Participant: 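One structure, pasted below without further comment.
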Amino acid sequence: MQHSPNNVVNVDAQAPQSEAIDRAAVILRSGGLVAFPTETVYGLGAHALDPAAVRKIFAAKDRPGWDPLIVHVNSVAMALSLAEAIPALFDQLATTFWPGPLTLVVNKAGCVPDEVTAGRATVALRMPRHPVATALLAAAQLPIAAPSANRFGRPSPTCAGHVCEDLGDRVDLILDAGPTPLGVESTVLDLTQSPPAILRPGGVSHEALTAVLGHVSIAGSVADAVAAQGLAAPGMTLKHYAPRTAIELFDGAPEDVARQLQARCEQLRQSGRKFGVLNNQIDSDHFARTLFAQLREFDAAGVAVILCVLPPPAGIGLAVRDRLKRAAGRGDQS
Ligand code: TXA
Ligand code: MG
């Protein structure tokens with residue numbers, strides 16, 4: 001991987017060096033862009049209360065203006081300063097799951113620029129737990145707006161090399177702390193609906209949320225979201241997290257899937273087409289951690305098609321299924 005020496009700095013993932021963190025904090029405070037690791041994926045950060053800085057995120061990613069950003073905070077007090085009419089469940093969820101991979105959608109306070117929320121009345125908030133993200137928030141002393149640090153529509157970056165690949169010198173500084181521990185993005189939970197609704201499954205499982213909240217709905221299929229004109233979930237674009245290569249999905253009882261997969265592999269071998277296989281039904285955590293890197297590797301290898309066996313829809317498996325279905329251009333979240 002070609003790291004441009006000027007804008008990539010190595011930092012220790014557990015005890016990040018303060019010089020690097022301070023340099024990044026200065027950039028953020030002066031309206032620049034910093035890519036940094038979180039426990040889920042790398043984020044592309046900017047000062048969340050500086051509209052010009054936030055616009056740079058959209059430009060760097062080629063992200064359409066209608067897709068709102070997550071704001072990262074390092075305290076519940078900072079979160080509350082960005083929100084209004086805080087729902088009763090907010091405290092309980094923050095206490096249980098923050099810092100961690102849970103994003104809470106609440107009504108926004110007046111200080112949050114329209115650039116961050118794409119003109120919406122709500123804002124998505126999350127307190128990350130990766131030591132580098134935590135240190136950066138503490139040093140910068142500001143809320144950081146940060147989407148995943150990939151070019152729009154590409155798989156999310158799980159290492160600094162992916163960020164370089166997609167954004168190169170469009171970002172002022174990249175903090176490289178190695179691969180991210182979870183590998184898929186945070187769970188986005190809409191608290192403005194009752195019961196709360198998962199808009200995007202992610203690092204905090206449906207089961208874990210249900211244990212705390214009793215009932216949590218899962219937002220319907222992409223088709224439904226599109227039919228509702230994206231009002232429920234702006235991120236549910238049909239083709240998302242997409243590698244360049246075509247994807248074929250295999251789902252169902254393990255014996256059936258094994259038979260179908262074998263038949264398809266044989267067919268592709270005979271036709272002389274190069275293909276990749278993603279099959280990890282045993283360990284969904286590992287599947288999540290390696291998913292985006294593998295999609296990028298198959299792209300780079302120039303395979304004609306990627307055959308993916310969906311993991312069971314339990315725990316983080318639900319998030320892996322969601323990303324694979326979106327990558328394949330199909331969107332329900334089961
Ligand atoms: O793990 C993560 O969440 C990573 C790291 C960097 O924190 N961030 C991330 O951001 O995945 P992004 O922008 O790639 O995805 C944010 C998702 C999008 O689907 C977006 O539409 C949704 O959150 N979102 C943001 N603000 C929202 C809002 N006000 N209402 C509903 N959905 C919102
Ligand atoms: Mg993203």
Side-chain angles (χ1 to χ4, degrees), residues 34-46 48 54 57-58 60-73 82-84 97-109 112-130 132-134 136-137 143-158 162-163 166-167 175 180-193 196-204 219 222 225 228 230-237 240-242 288 292 316 319 322-323 326-327 331 333:
V34 174
F36 62 97
T38 77
E39 67 276 23
T40 57
V41 301
Y42 275 73
L44 178 63
V54 172
I57 291 179
F58 286 86
K61 282 188 57 119
D62 297 326
R63 183 178 175 112
W66 50 258
D67 199 2
L69 307 178
I70 293 174
V71 180
H72 297 69
V73 298
L82 304 170
E84 214 164 65
F97 296 106
W98 282 6
L102 178 66
T103 295
L104 299 173
V105 174
V106 294
N107 290 317
K108 83 175 190 81
V112 180
D114 284 341
E115 280 80 357
V116 170
T117 64
R120 285 161 181 269
T122 55
V123 62
L125 302 170
R126 129 163 160 86
M127 190 193 295
R129 70 162 175 244
H130 193 293
V132 173
T134 305
L136 183 59
L137 282 158
I144 302 175
S148 49
N150 51 288
R151 207 59 86 89
F152 185 73
R154 293 269 292 146
S156 290
T158 53
H162 298 161
V163 181
D166 279 15
L167 302 177
L175 295 173
T180 55
L182 287 176
V184 292
E185 304 89 337
S186 63
T187 301
V188 179
L189 184 71
D190 186 354
L191 291 185
T192 69
Q193 302 184 37
I198 293 176
L199 302 183
R200 178 181 72 181
V204 169
V222 170
L231 288 178
M236 286 183 171
T237 42
H240 215 132
Y241 311 103
F292 290 136
I316 204 155
D322 168 71
R323 305 309 185 269
R326 290 185 198 210
Q333 308 208 328

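Position 1 is the first residue of the sequence, and the numbers go up from there. Since this is a predicted model, take the numbers as computed values, not measurements. Order of appearance sets the numbers: ligands from 1, and atoms from 1 within every ligand. Quick note: numbers below take in every heavy atom, side chains included, and nothing from hydrogens, waters or symmetry partners.
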Participant: Return yes or no for this condition: an N or O of Thr103 is under 3.5 Å from an N or O of ligand 1.
Facilitator: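 Min N/O separation from ligand 1 is not below 3.5 Å for Thr103.
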Participant: Verify whether one side chain among Arg323 and Ser156 offers a donor that lies under 3.5 Å from an acceptor in the other.
Facilitator: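 The criterion, which ignores hydrogens and geometry beyond distance, is not satisfied for Ser156 and Arg323.
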Participant: Can you name the nearest heavy-atom pair linking Pro37 to Thr180, along with the distance?
Facilitator: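 Closest heavy-atom pair between Pro37 and Thr180: CB-CG2, 4.4 Å.
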Participant: Taking N or O atoms only and a 3.5 Å limit, does Glu185 qualify as a polar contact for ligand 1?
Facilitator: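 No, no N or O pair falls under 3.5 Å.
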Participant: Locate the shortest heavy-atom distance separating Ala60 from Leu167; write the atom from each residue and the value.
Facilitator: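 Nearest heavy atoms, Ala60 then Leu167: O-CD2, 3.4 Å.
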Participant: When you compare ligand 1 with Thr38, is there at least one nitrogen or oxygen pair between them that comes in under 3.5 angstrom?
Facilitator: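 In fact, backbone or side chain, Thr38 has no N or O that close.
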Participant: Determine, using heavy atoms of His72 and all atoms of ligand 1, whether some pair is separated by less than 4.0 Å.
Facilitator: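 Under 4.0 Å: yes for His72.
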Participant: Going by heavy-atom distance to atom 20 (C) of ligand 1, choose the closest among Ile57, Val41, Asp67.
Facilitator: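 Nearest heavy atom to atom 20 (C) of ligand 1 lies in Asp67.
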Participant: Give the intermediate values and the outcome of side-chain contact (heavy atoms from CB on, under 4.5 Å) for residues Arg200 and Val184.
Facilitator: CA-CA 11 Å; Arg200 178 181 72 181; Val184 292; over 6 Å; no
Participant: Considering non-hydrogen atoms only, spot the tightest contact between Val71 and Ala48 and give its length.
Facilitator: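 Between these two residues, the closest heavy atoms are CG1-CB, 3.9 Å.
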Participant: Which heavy atom in Pro201 sits nearest to a heavy atom in Thr187, and how many Å separate them?
Facilitator: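 Shortest heavy-atom separation between Pro201 and Thr187 comes out as C-OG1, 4.0 Å.
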Participant: Are any of the N or O atoms of Arg63 closer than 3.5 Å to those of ligand 1?
Facilitator: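 Indeed, backbone or side chain, Arg63 has an N or O that close.
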Participant: Determine whether any heavy atom of Leu199 lies closer than 4.0 Å to an atom of ligand 1.
Facilitator: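 True for this residue.
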Participant: I need the atoms of ligand 1 closer than 4.0 Å to a non-hydrogen atom of Val188, numbered in the order shown.
Facilitator: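 Listed by number with element, the hits are 23 (O).
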Participant: Looking only at heavy atoms, which two atoms of Glu39 and His130 are closest? And how far apart?
Facilitator: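 Heavy atoms only, the tightest pair is OE1-N, 3.3 Å.
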Participant: Would Arg200 count as a polar contact of ligand 1, with the cut-off being nitrogen or oxygen pairs under 3.5 Å?
Facilitator: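 So ligand 1 has an N or O lying under 3.5 Å from an N or O of Arg200.
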Participant: For atom 26 (N) of ligand 1, which of Gly203, Pro37, Pro68 has the closest heavy atom?
Facilitator: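 Nearest option to atom 26 (N) of ligand 1, by heavy atoms: Pro68.
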Participant: At less than 4.0 angstrom from any non-hydrogen atom of Ala124, what atoms of ligand 1 do you find?
Facilitator: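 Atoms satisfying the 4.0 Å criterion: 25 (C), 26 (N), 27 (C).
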Participant: Which atoms of ligand 1 sit under 4.0 Å from any heavy atom of Ser148?
Facilitator: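 The list of qualifying atoms is 8 (N), 9 (C), 10 (O), 12 (P), 14 (O).
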Participant: Give me the one residue out of Leu44, Val34, Ile70, Leu136 that meets side chain to side chain contact (heavy atoms under 4.5 Å, CB included) with Ile144.
Facilitator: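 Among Leu44, Val34, Ile70, Leu136, the one meeting side chain to side chain contact (heavy atoms under 4.5 Å, CB included) with Ile144 is Leu136.
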Participant: Atoms of ligand 1 less than 4.0 Å from Thr40 heavy atoms?
Facilitator: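 Counting from 1, the qualifying ligand atoms are 1 (O), 2 (C), 4 (C), 5 (C).
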Participant: Taking 2.8 Å as the cut-off, does an N/O/S atom of Ser148 lie below it from the Mg ion (ligand 2)?
Facilitator: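 Yes, since at least one N, O or S atom of Ser148 sits under 2.8 Å from the Mg ion (ligand 2).
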Participant: Show me which atoms of ligand 1 lie under 4.0 Å from any heavy atom of Thr122.
Facilitator: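 Those atoms are 28 (C), 29 (N), 30 (N).
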Participant: Are Ser186 and Thr103 close enough that a side-chain donor and a side-chain acceptor fall under 3.5 Å?
Facilitator: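 A pair is found: one side chain offers a donor N or O, the other an acceptor, under 3.5 Å apart.
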